[in-house]
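One structure is given here, and the rest of the page talks about it.
Quick note: numbers below take in every heavy atom, side chains included, and nothing from hydrogens, waters or symmetry partners. Counting starts at 1 for both ligands and their atoms, in listed order. Please read these numbers as outputs of a predicted model, since none were measured by experiment.
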Amino acid sequence: MIAAPMIAGSVIPAGARSVPFFDYPHLFLSEAQQLTAIFQDVAARGAFIMQEDLARFERRLAAYIGVKHAVGVGNATDGLVIALRAVGVGPGDEVIFSSHTMVATAAAIHFAGATPVPVECGADHLIDPEAVERAVSTRTRAILPTQLNGRMADMRALEAIAARFGLVIVEDAAQALGARFAGKSAGSFGAAAAFSFFPAKTLGCLGDGGAVVTNSDFVHQGVLELHDHGRRADGEIMSWGLNSRLDNLQAAILEFRLASYSAAIDRRRALARIYGERLGRLEQLLLPPGPFDDAEHFDVFQNYEIEADRRDDLRAFLQSHQIGSALPWGGKAVHQWPRLNFQVSLPFTEKLFERVLLLPLNLSLSNDHVHAVCDAIETFYQLG
Ligand SMILES: Cc1ncc(COP(=O)(O)O)c(C=O)c1O
């Protein structure tokens with residue numbers, strides 16, 4: 001018998017007014033029977049590495065995104081390294097990325113042998129195409145836009161810049177499975193893209209996982225080799241490669257979850273809509289666009305990232321009411337971590353990082369949880 005889900009790190013039953021930022025046990029407990037059955041099936045077949053479950057998941061993922069190829073990899077960070085190398089990025093090249101991203105985006109550029117060039121995000125928190133254009137140099141080889149918080153960057157503008165300067169686009173789509181811009185899915189714009197299946201992602205497995213997708217047969221072949229020791233299907237070693245494969249067990253779990261993924265996204269969008277309706281009237285906040293606000297974007301709300309006056313006080317107030325929140329990336333944009341030695345100032349992004357806050361948004365939340373968060377935020381600003 002499985003006990004009722006408990007909130008991670010506390011003894012408060014889910015459904016009470018306290019709201020955790022994230023509830024990891026829920027990821028298993030909400031589907032314990034099905035997940036246990038998948039584990040038993042895969043383990044009893046001894047189907048652990050590069051088996052049929054993985055191949056099936058890769059086909060379904062590619063079809064879902066609308067691309068020709070998907071390859072499961074160990075995580076999105078590796079996926080980005082592999083994608084960059086497979087499209088030909090390497091030593092001597094510069095790759096432009098928005099500093100409002102996980103350090104993984106920049107680390108992938110570094111480990112592909114290239115130089116990460118951080119630029120400003122815009123008011124929408126996504127990479128600013130004008131900043132990209134200003135950063136293009138004779139060494140620029142690629143643009144690596146992060147499809148942040150489940151919303152896509154202005155791919156039309158980025159594609160125009162890429163075409164003008166002869167650059168490649170590789171998408172960091174770690175947070176954006178199912179997001180669309182102008183009718184096309186995240187991952188289908190660039191020469192390649194990487195997705196993350198980290199447990200807290202909109203499609204998560206029970207550990208690390210990721211995928212690289214591409215429409216190019218050439219890039220696909222490179223990704224296949226690079227993620228499996230540089231080996232070709234016949235065993236010939238073609239280059240120095242990594243060992244970064246998506247476990248067959250995780251692929252089986254992901255295949256199961258992909259079947260109900262659209263409903264999961266609808267639920268996330270419904271929760272975001274409640275936040276928008278409740279908090280939209282507070283002048284102290286700036287909210288992300290609502291799920292039905294613009295026809296070009298379909299957002300999957302990996303996160304709900306707001307800007308808030310007196311952000312740190314608000315956060316402490318929420319904490320005192322047992323409501324979790326988080327600072328994106330631990331509170332700093334990538335270029336702000338001193339030990340990474342970026343000698344650049346990005347004033348817009350730096351100012352933004354004094355105001356940004358992530359509110360809880362995940363499938364363990366009831367509507368009441370979200371209303372409880374909104375009640376607390378309203379109270380905070382009423383108290384002045
Ligand atoms: C924007 C972004 N890029 C890259 C990553 C790295 O993904 P992974 O943990 O699968 O390596 C993440 C994960 O949080 C992310 O949010």
Side-chain angles (χ1 to χ4, degrees), residues 21-22 24 27 57 61 70-85 95-112 116 118-119 121 124-127 142-153 155 158 169-179 186-187 189-190 192-213 223 226-227 242-247 250-251 253-254 257 268 288 299-305 326-335 337 340 349 353 356 358 361-362:
F21 183 71
F22 202 81
Y24 282 96
L27 296 176
F57 171 65
L61 182 68
V71 179
V73 293
N75 52 71
T77 313
D78 283 358
L80 287 170
V81 175
I82 291 167
L84 287 166
R85 285 183 55 188
V95 179
I96 298 171
F97 71 102
S98 163
S99 195
H100 186 352
T101 187
M102 193 184 184
V103 70
T105 317
I109 299 167
H110 173 82
F111 284 110
V119 296
C121 62
D124 60 358
H125 302 193
L126 294 150
I127 193 166
I143 309 169
L144 180 37
T146 296
Q147 315 295 18
L148 187 73
N149 296 325
R151 182 175 175 86
M152 293 187 65
M155 298 308 293
L158 295 178
I169 295 178
V170 173
E171 294 174 67
D172 180 341
Q175 300 197 349
L177 182 64
F189 283 86
F195 289 89
S196 175
F197 307 126
F198 180 85
K201 292 294 191 244
T202 53
L203 182 71
C205 57
L206 300 183
D208 276 315
V212 177
V213 303
V223 172
L226 285 165
H227 93 305
L242 306 174
N243 175 6
S244 184
R245 304 172 299 216
L246 178 63
D247 288 347
Q250 302 293 4
I253 290 166
L254 290 164
R257 289 188 162 164
R268 298 185 90 94
D299 302 340
V300 298
F301 291 94
Q302 167 65 60
N303 299 308
Y304 197 79
E305 182 174 292
L327 301 184
W329 323 121
K332 285 186 170 69
V334 173
H335 76 283
W337 296 104
L340 297 183
T349 303
F353 268 71
V356 273
L358 300 174
L361 197 163
N362 59 74

Within a strict 4.5 Å, meaning less than it, do heavy atoms of the F189 and I169 side chains meet?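 No, side chains not in contact.
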Specify the protein heavy atom at minimum distance from [atom]: its residue, its atom name, and the distance to 0.1 Å.
atom: atom 16 (O) of ligand 1; value: Q175 NE2, 2.9 Å
atom: atom 3 (N) of ligand 1; value: D172 OD2, 2.7 Å
atom: atom 15 (C) of ligand 1; value: A174 CB, 3.6 Å
atom: atom 5 (C) of ligand 1; value: M102 SD, 3.5 Å
atom: atom 11 (O) of ligand 1; value: T77 OG1, 2.5 Å

When only distance counts, is T101 in polar contact with ligand 1, meaning an N/O pair under 3.5 Å?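 No, no N or O pair falls under 3.5 Å.
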Give a yes/no verdict on whether any heavy atom in K201 is under 4.0 Å from an atom of ligand 1.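 Contact present.
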Report yes or no: does F195 have a heavy atom closer than 4.0 Å to ligand 1?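 Contact absent.
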Which atoms of ligand 1 have any heavy atom of A104 under 4.0 Å away?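 In order of number, 4 (C), 5 (C), 6 (C).
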Enumerate the atoms of ligand 1 whose separation from the nearest heavy atom of W329 is less than 4.0 angstrom. 16 (O)
Taking all heavy atoms of [X] and all of [Y], pick out the closest pair and write down the distance.
X: H227; Y: I82; result: CB-CD1, 3.7 Å
X: A76; Y: A194; result: O-CB, 3.8 Å
X: A153; Y: P145; result: CB-CB, 4.4 Å

May I have the list of side-chain donor-acceptor pairs in residues 98-109 shorter than 3.5 Å, sequence neighbours left out?
from, atom 1, to, atom 2, distance (Å)
S98, OG, H100, N, 3.2
S99, OG, V334, N, 3.2
S99, OG, H335, N, 2.9
S99, OG, H335, ND1, 2.7
H100, ND1, W329, NE1, 3.0
H100, NE2, E305, OE1, 3.4
H100, NE2, E305, OE2, 2.8
T101, OG1, T105, OG1, 2.6
T101, OG1, T146, OG1, 2.8
T105, OG1, M102, O, 3.1
T105, OG1, D172, OD2, 2.8

With a 6.0 Å cut-off (strictly less than), is the heavy-atom count around CZ of F111, excluding the residue itself, greater than 12?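 No, because the 6.0 Å sphere around CZ of F111 holds 12 heavy atoms or fewer from other groups.
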Proximity to ligand 1 by part of [X], non-hydrogen separation under 4.0 Å:
X: A76; value: both
X: F97; value: neither
X: T146; value: side chain

Closest to atom 10 (O) of ligand 1 by heavy-atom distance, out of C205, S244, S196, is S196
For the rings on F22 and Y24, is their centre-to-centre separation under 6.0 Å?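 They qualify: ring centres under 6.0 Å apart.
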Taking the side chain from Q175 and the backbone from K201, do they hold a donor-acceptor pair closer than 3.5 Å?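 Looks like no, no N/O pair under 3.5 Å.
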Sequence neighbours left out, what passes salt bridge (charged side-chain N to carboxylate O under 4.0 Å, His left out) with R151? Give chain and number order.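 R151 satisfies salt bridge (charged side-chain N to carboxylate O under 4.0 Å, His left out) with D294, D299 once adjacent residues are dropped.
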